[in-house]
2 protein chains.
Amino acid sequence: MELVSTERPVRLADARTSAALAAANPTISDVARLAGVSKKTVSRVINDSPQLRIETRKRIELVIAELGYVPNLQARSLATGRNSLIGLIHDNPNSQMILGVQQGILEAIRETDFALVIRPVDRGSPGMMDDVRRFLDRQRLYGVMLLPPISENDELAQHCAELGCRYVRMGSAPLDDDAHSVSSNDAEAVAEATRHLIGLGHRRIGLIAGPHGFRSAAERRVGFLAALAEAGVTLPPGMTVRGDYRFDSGIAAASRLLDQMPPPTAILACNDEMAAGALHAARQRNLTVPRDLSIVGFDDTSTAAHVWPPLTTVRWPIQAMGRSAARKLLAGSEPRMDGVTQPSVLPSELVMRASVGPPAMS
Amino acid sequence: MELVSTERPVRLADARTSAALAAANPTISDVARLAGVSKKTVSRVINDSPQLRIETRKRIELVIAELGYVPNLQARSLATGRNSLIGLIHDNPNSQMILGVQQGILEAIRETDFALVIRPVDRGSPGMMDDVRRFLDRQRLYGVMLLPPISENDELAQHCAELGCRYVRMGSAPLDDDAHSVSSNDAEAVAEATRHLIGLGHRRIGLIAGPHGFRSAAERRVGFLAALAEAGVTLPPGMTVRGDYRFDSGIAAASRLLDQMPPPTAILACNDEMAAGALHAARQRNLTVPRDLSIVGFDDTSTAAHVWPPLTTVRWPIQAMGRSAARKLLAGSEPRMDGVTQPSVLPSELVMRASVGPPAMS
DNA sequence: TTGTAGGCGTTATCAT
DNA sequence: ATGATAACGCCTACAA
């Protein structure tokens with residue numbers, strides 16, 4: 001403890017510089033005083049108001065730089081009634097999804113004053129809705145982005161609207177009108193993957209579907225069935241089982257599929273985790289992938305690339321969705337932001353890797 | 001455009017209730033007026049001030065509930081000079097790490113008014129420091145948590161201190177004094193893993209180290225070498241190679257190790273991604289894991305559990321670290337929060353799975 | 001093009 | 001135990 005030290009010693013020599021008049025955290029008043037203008041004029045400078053004599057602006061900008069002045073966002077929020085925070089509300093999706101969407105959002109808000117607030121919620125718990133409501137009430141965010149599966153909750157979207165909080169819902173298919181929705185087209189993506197399998201000659205294709213109540217699960221299943229119907233392929237019974245999007249359920253589901261007689265020559269799992277589980281199940285039965293069994297996943301997480309053999313999978317455009325959703329939210333918040341209309345439906349892509357091949361002769 | 005509609009129609013019938021006097025977003029003034037007290041008294045209620053007649057408090061709480069009044073955090077920030085946002089600054093670590101630490105932090109701030117703001121930065125870019133500084137300047141966070149590897153940047157910590165922003169640095173070993181650091185003990189964790197291999201009879205153990213400049217890489221290497229020295233094991237040359245923590249580098253590094261004559265009977269990779277790469281390399285050479293080669297990873301990401309065979313690995317306590325770091329940051333922010341001192345060093349754990357076994361006879 | 005006055009919703013100071 | 005008044009730093013009206 002050094003008794004003689006002071007946190008900001010007064011430096012007398014500084015009297016020659018204008019900085020000596022300013023505080024540690026200079027405010028708009030400090031800038032105004034030093035520049036010899038009113039606060040309002042400084043305000044115009046920091047808000048890029050066009051009606052300003054260029055020379056006045058220059059002078060003020062100089063003072064701002066000299067002082068290291070930074071506008072106080074809290075004060076601005078208070079005055080304008082809207083703050084510069086956008087929220088991401090999600091419910092336990094996988095980590096790659098979270099990271100991807102966060103990166104997309106951050107691309108969109110780079111160069112703005114917006115910051116991203118994260119809020120995971122517990123979809124299952126009874127207090128969830130109160131919890132979210134409380135969060136929205138207190139933080140008064142500019143807007144929020146809802147990640148699936150919680151984005152599918154209409155009541156939540158309703159809440160946001162009532163609270164005057166802008167929102168954009170993300171999903172596997174449009175969940176709302178264009179202004180409030182950004183989605184992929186999972187049905188089509190899975191249909192494409194299924195056509196790929198059919199094109200290679202597969203006719204007995206097992207589906208490991210996602211859990212009941214998930215829109216993504218429903219969409220993917222629809223796409224699967226549509227592609228089969230389109231090709232005139234009829235599946236024997238027992239070729240569709242449900243998993244819960246987790247690894248272990250993939251093992252169990254694949255085991256059930258492989259117990260069928262005859263077993264499928266290919267399995268399409270509705271996410272990569274379950275596809276990885278299917279791979280395990282195949283290995284347990286000494287099946288070689290893709291010789292004895294082809295496997296397709298969904299999401300293109302890093303797991304897909306790292307298992308053996310690397311998984312053919314559908315790349316889910318989560319990052320682009322995050323970017324688009326954030327831009328949609330921010331459209332209108334700043335003059336330059338509402339130029340281009342953001343897409344509401346983003347394309348997926350089939351990523352071919354080594355887990356798929358033609359069926360063995362039978 | 002419906003010209004006659006008003007957003008909040010005045011409902012005359014409501015005159016009987018006190019609510020009719022309040023606005024859509026009631027403020028502390030509304031509460032004060034309706035309760036017949038001053039704003040300050042209401043402020044005391046919402047801030048749990050002890051000096052209040054219990055009956056006054058009850059009355060005010062009733063009005064608050066009736067009105068659905070929620071304090072405006074922005075206004076409070078302005079008045080108190082500190083806001084209720086804490087930040088997480090990170091630089092491209094893997095997604096599980098991000099999710100884990102976020103969950104830990106959110107456990108800690110649950111039931112408080114704090115919210116979590118995420119800020120990824122680009123460590124490599126020249127403008128990184130300016131970028132972070134700008135972020136801290138503008139958002140004026142209550143405090144920030146620094147995730148490795150960016151947490152190892154002393155200049156950044158210095159910046160935070162100068163800006164008056166509280167901070168806690170997370171890492172593989174203490175990076176700062178106890179008040180500003182939460183870490184694991186990676187050296188010890190790797191030493192334990194190495195002892196495990198030695199105990200099984202391995203003597204030629206290859207190390208796939210992490211990239212230069214990462215504290216975690218240095219710590220893990222130290223632990224490895226320490227355990228060998230402790231057991232009197234001398235490694236032939238060429239048994240240590242460096243990767244960059246990514247899957248592909250794991251393949252390359254393992255290939256180089258397996259090219260040695262004689263090759264190692266076990267490989268310790270400094271993270272799971274590289275360990276998964278080593279698994280690929282082994283498969284390419286038709287080696288069976290663990291019969292021909294044992295492999296150990298680090299982190300215990302989901303990849304570790306999903307590859308074949310499942311990886312023995314070190315569980316890195318990232319979630320607990322996040323929780324502890326957030327609590328440390330918040331200690332003192334509220335009376336009830338600074339009760340228990342938070343741990344600064346958290347234990348790791350060796351997770352035994354199927355990728356390790358005794359060396360084959362040779 | 002620039003300035004003045006007032007308000008945003010809260011807490012702090014100093015009263016009573 | 002409670003209240004009046006003045007910040008906090010910015011922005012919006014309106015005025016000049």
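Atoms considered below: every heavy atom in the structure, side chains included; atoms not considered: hydrogens, waters and symmetry mates. Being a predicted model, the structure only gives us computed values, none of them experimental. Here is how names work: the chains are called A, B, and so on, in the same order as the sequence lines, proteins then strands, and each is numbered from 1.
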Quiz item: With distance as the sole test, does B:Ser43 use its side chain to make a donor-acceptor pair with the main-chain N or O of B:Lys39 at under 3.5 Å?
Solution: no
Quiz item: Rounded to whole angstroms, how far apart are CG on A:Asn72 and P on C:dG9?
Solution: 17 Å
Exercise. Provide, to the nearest angstrom, the distance between the CG atom belonging to A:Asn83 and the C1' atom belonging to D:dG9.
Key: 16 Å
Quiz item: Is B:Lys328 salt-bridged to B:Asp178, going by a charged N under 4.0 Å from an acidic O?
Solution: no
Exercise. Look at the side chain of B:Lys40 and the base of C:dA12, then say whether one donor and one acceptor between them are separated by less than 3.5 Å.
Key: yes
Quiz item: From the list D:dA1, C:dT11, C:dT2, which nucleotide is the closest neighbour of the side chain of A:Leu52?
Solution: C:dT2
Quiz item: Contact class for A:Ser77 (heavy atom, under 4.0 Å): base, sugar-phosphate, or nothing?
Solution: nothing
Exercise. For B:Ala75 and for B:Pro50, find the nucleotide of DNA chain D with the closest heavy atom, then tell me which residue's nucleotide is more 5'.
Key: B:Pro50
Quiz item: Is there a donor-acceptor contact under 3.5 Å from the side chain of A:Arg166 to the main chain of A:Tyr142?
Solution: yes
Quiz item: Hey, does A:Leu78 reach any base, or is it just sugar-phosphate, or nothing, if we go heavy atoms under 4.0 Å?
Solution: base
Self-check item: B:Leu67 CG to C:dG9 C1', straight-line distance once rounded to whole Å
Solution: 15 Å
Quiz item: Do side-chain atoms of A:Arg169 reach the backbone of A:Ser151 as a donor and acceptor pair under 3.5 angstrom?
Solution: yes
Quiz item: According to a strict under-4.0 Å criterion, is B:Thr80 in side-chain N/O contact with OP1 or OP2 of C:dT11?
Solution: no
Exercise. Measure the distance from CD on B:Gln74 to P on C:dC8 and round it to the nearest whole Å.
Key: 16 Å
Self-check item: Option from B:Arg123, B:Arg138, B:Arg119 for which salt bridge (charged side-chain N to carboxylate O under 4.0 Å, His left out) with B:Asp131 holds
Solution: B:Arg119
Quiz item: Looking at C:dT10, C:dT2, C:dA12, which one has an atom nearest to any side-chain atom of B:Arg76?
Solution: C:dT10
Practice problem: Would you indicate, yes or no, if D:dG3 has its OP1 or OP2 atom less than 4.0 angstrom from a side-chain nitrogen or oxygen of B:Ser38? | Solution: yes
Quiz item: Which one, D:dA1, D:dC11, D:dT2, comes nearest to the side chain of B:Thr41?
Solution: D:dT2
Quiz item: Side chain of B:Val37: nearest nucleotide among D:dG3, C:dG9, D:dG9?
Solution: D:dG3
Practice problem: Quick one: label B:Ile28 by what it contacts on the DNA or RNA (base, sugar-phosphate, nothing), any heavy atom closer than 4.0 Å. | Solution: base
Exercise. Could you state the atom-to-atom distance from CD of B:Glu55 to C1' of D:dT2 in whole Å?
Key: 13 Å
Quiz item: According to a strict under-4.0 Å criterion, is B:Thr56 in side-chain N/O contact with OP1 or OP2 of D:dT2?
Solution: yes
Quiz item: For A:Arg33 and C:dG3, what is the distance between atoms CZ and C1' respectively, to the nearest whole Å?
Solution: 17 Å
Quiz item: Between B:Arg44 and A:Ile46, who's closer to the 5' end of DNA chain D by nearest nucleotide?
Solution: B:Arg44
Quiz item: Is the closest basic N to carboxylate O distance between B:Arg133 and B:Glu155 below 4.0 Å?
Solution: no
Exercise. Tell me which nucleotide among C:dA12, D:dG3, D:dC11 gets nearest to the side chain of A:Ala79.
Key: D:dC11
Exercise. Indicate whether OP1 or OP2 belonging to D:dC11 is found under 4.0 Å from a side-chain N or O atom of A:Ser43.
Key: yes
Quiz item: Can you check the B:Lys39 NZ to C:dT11 P distance for me, whole Å?
Solution: 10 Å
Quiz prompt | Atom-to-atom span, CG of B:Asn25 to C1' of C:dG9 - whole angstrom | solution = 11 Å
